[in-house]
Enquirer: 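Just passing along the structure, written as structure tokens.
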Amino acid sequence: MRVLVTGAAGFIGSHLSELLVAQGHFVVALDDLSTGRIENLAALDDHESFRFVEGDCLDKTLVAKLMNDCDACVHLAAAVGVKLIVERPVHTIETNVKATEIVLETAAEHGSPVLLASTSEVYGKSDKAPFREDDDISLGPTTHSRWAYACSKALDEWLALAYARERGLPVTITRFFNTVGPRQTGRYGMVLPTFAAQALKGDPITVYGSGEQTRCFAHVRDVVKAVVRLLTEPSAVGRVFNVGTSEEVTISALAERVKTRAASASPIVFIPYEKAYAEGFEDMPRRVPDVTRLREALGFVPETPLDEIIDDVLADQRKRLEAPPA
Ligand code: UDP
């Protein structure tokens, strides 16, 4: 296949592009390099089955030209990271809604199958665990910008499913749950690269809130495997899939584990949410995926143990700290 990957220079996009090329596919990588980094694609530079295009998904002419040249599209380009989302809500809504609309409209014109990356954020603050794909969603008020992200991605999902129903567009939706691994940066607030860098530098490890909130962390290597499989799985068309692991950990236990595995002397400090984010910030107390549907469709789910994930992230952060400043 020739696959158009939007957001290809991002953390997930770069791992996905590498896997697609390794499996014999051709990747057309589109990224505006706003949060993605060209260095993430260094391993594919000059590869005969890879082409990088610097550009914006809001550029319909460009998207149409690239889509015309491809057999399928994985749409990953989006505003990313809670910190960025809270600080730049207009950018978040416009990027997530307008760009997805252009990608879906163009794909429908060309009849190209689309895999749309969505997020566990769409479940919002529901206290149910685990989350199943057909569960109700429960979002906070429009005055809290965090929910703009969940709402914009939920709208993307609705739009994608509407294109599937009305125009027969083959779409598959993946809801990623806390995907982590090498190349993820802590710059946009993600917890694991942040803790790893803090532990290695001997800085305080900053746990927000009580630290009793839980997450399930999936290795990006497993997640992109699932994405490629879903892209070619006929039974996945028109459906939504949770993609994540079931290994649940509290954020304070995560801090302890990172500290131990890094053999770090960093203190673990607790920071109130209002200091870490904007006033009125609401966090999710618990976020666990039900991955039954993914297991049934593919016969596998992400399962790399958390300690192995932490070690990979520590190794990546160590490399960055040792690298000479760019
Ligand atoms: N978090 C933390 N310290 C940090 C960054 C994040 O305690 O330096 C917490 C954050 O409040 C949340 C969890 O870690 O409860 C996961 O945060 P992340 O932004 O990685 O993902 P998400 O909130 O989307 O699950």
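Just so it is clear, the model here is predicted, and its values are computed rather than measured. Order of appearance sets the numbers: ligands from 1, and atoms from 1 within every ligand. Atom set for the values below is all heavy atoms of this structure, side chains included, hydrogens, waters and symmetry mates excluded.
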Enquirer: List every atom of ligand 1 that sits less than 4.0 Å from any heavy atom of T206, numbering the atoms from 1 in the order shown and giving each element.
Expert: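 Near T206, the atoms of ligand 1 are 2 (C), 3 (N), 4 (C), 7 (O), 8 (O).
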Enquirer: Run the salt-bridge test on D307 and R257 with the 4.0 Å N-O cut-off and return the result as yes or no.
Expert: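 Yes, charged N to carboxylate O under 4.0 Å.
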Enquirer: Starting from atom 11 (O) of ligand 1, find the nearest protein heavy-atom neighbour and note its residue, name and distance.
Expert: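 Sorting protein heavy atoms by distance from atom 11 (O) of ligand 1 puts Y277 OH, 3.4 Å first.
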Enquirer: Could you tell me if R229 sits above the aromatic ring of F300, with its cationic atom closer than 6.0 Å to the ring centre and no more than 45 degrees from the axis?
Expert: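 No, a cation-pi geometry is absent between R229 and F300.
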Enquirer: Under 4.0 Å, heavy atoms only, figure out whether ligand 1 is touched by the backbone of V191, its side chain, both or neither.
Expert: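 Both backbone and side chain.
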Enquirer: Could you establish whether G189 and ligand 1 come within less than 4.0 Å of each other, counting only heavy atoms on the residue side?
Expert: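 The answer is yes, since G189 has a heavy atom less than 4.0 Å from ligand 1.
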Enquirer: Check ligand 1 against R287 and write out every atom of the ligand that is under 4.0 Å from a heavy-atom position of the residue.
Expert: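 It comes down to these atoms of ligand 1: 22 (P), 24 (O), 25 (O).
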Enquirer: Can any side-chain N or O of T245 pair as donor or acceptor with the backbone N or O of F217 at less than 3.5 Å?
Expert: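 The answer is yes, because a donor-acceptor pair under 3.5 Å joins these two groups.
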Enquirer: Less than 3.5 Å apart, any donor N or O on the side chain of Q198 or S266 sitting next to an acceptor on the other?
Expert: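 No, no side-chain donor-acceptor pair sits under 3.5 Å.
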Enquirer: Of the side chain and backbone of M284, name the one, both, or neither that has a heavy atom under 4.0 Å from an atom of ligand 1.
Expert: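 Neither; nothing of M284 gets under 4.0 Å from ligand 1.
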Enquirer: If the cut-off is 4.0 Å to any non-hydrogen atom of V207, which atoms of ligand 1 fall inside it?
Expert: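 Once the distances to V207 are compared, the set is 7 (O).
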Enquirer: Where is the nearest protein heavy atom to atom 7 (O) of ligand 1: which residue, which atom, and how far?
Expert: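 Protein heavy atom at minimum distance: Y208 N, 2.7 Å.
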Enquirer: Under 4.0 Å, heavy atoms only, figure out whether ligand 1 is touched by the backbone of N178, its side chain, both or neither.
Expert: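 Only the side chain of N178 comes within reach of ligand 1.
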Enquirer: Side chains of Y208 and D283 only: does a donor on one sit below 3.5 Å from an acceptor on the other?
Expert: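 No, no side-chain donor-acceptor contact under 3.5 Å.
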Enquirer: In this structure, does ligand 1 have an atom that sits under 4.0 Å from one of the heavy atoms of Y188?
Expert: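 No, Y188 has no heavy atoms under 4.0 Å from ligand 1.
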Enquirer: With no hydrogens and no angle check, do the side chains of H144 and E282 hold a donor and an acceptor under 3.5 Å apart?
Expert: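 Present: a donor and an acceptor within the cut-off.
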Enquirer: With a cut-off of 4.0 Å, which atoms of ligand 1 are near a heavy atom of Y273?
Expert: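 Counting from 1, the qualifying ligand atoms are 11 (O).
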Enquirer: Tell me, do S118 and H75 make a side-chain contact under 4.5 Å, heavy atoms counted?
Expert: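 In short, these two side chains do not touch, never coming nearer than 4.5 Å.
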Enquirer: Measure across R215 and I251 and return the closest heavy-atom pair with its distance rounded to 0.1 Å.
Expert: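 Smallest heavy-atom distance, with atoms named: CG-CD1, 4.0 Å.
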Enquirer: With atom 13 (C) of ligand 1 as the reference point, say which of D283, I205, I268, I251 has the nearest heavy atom.
Expert: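 Among D283, I205, I268, I251, the closest heavy atom to atom 13 (C) of ligand 1 belongs to I251.
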Enquirer: Taking atom NZ as the centre, does K98 end up with more than 12 heavy-atom neighbours from other residues, nucleotides or ligands that are less than 6.0 angstrom away?
Expert: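 Counting other residues, nucleotides and ligands, NZ of K98 stays at 12 neighbours or fewer.
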Enquirer: Should you measure from each heavy atom of E121, which atoms of ligand 1 turn up under 4.0 Å away?
Expert: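 Those of ligand 1 that fall under 4.0 Å from E121 are 24 (O).
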Enquirer: Using a strict cut-off of 4.0 Å, indicate which atoms of ligand 1 neighbour a heavy atom of T194.
Expert: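 Within the 4.0 Å cut-off of T194, ligand 1 contributes 8 (O).
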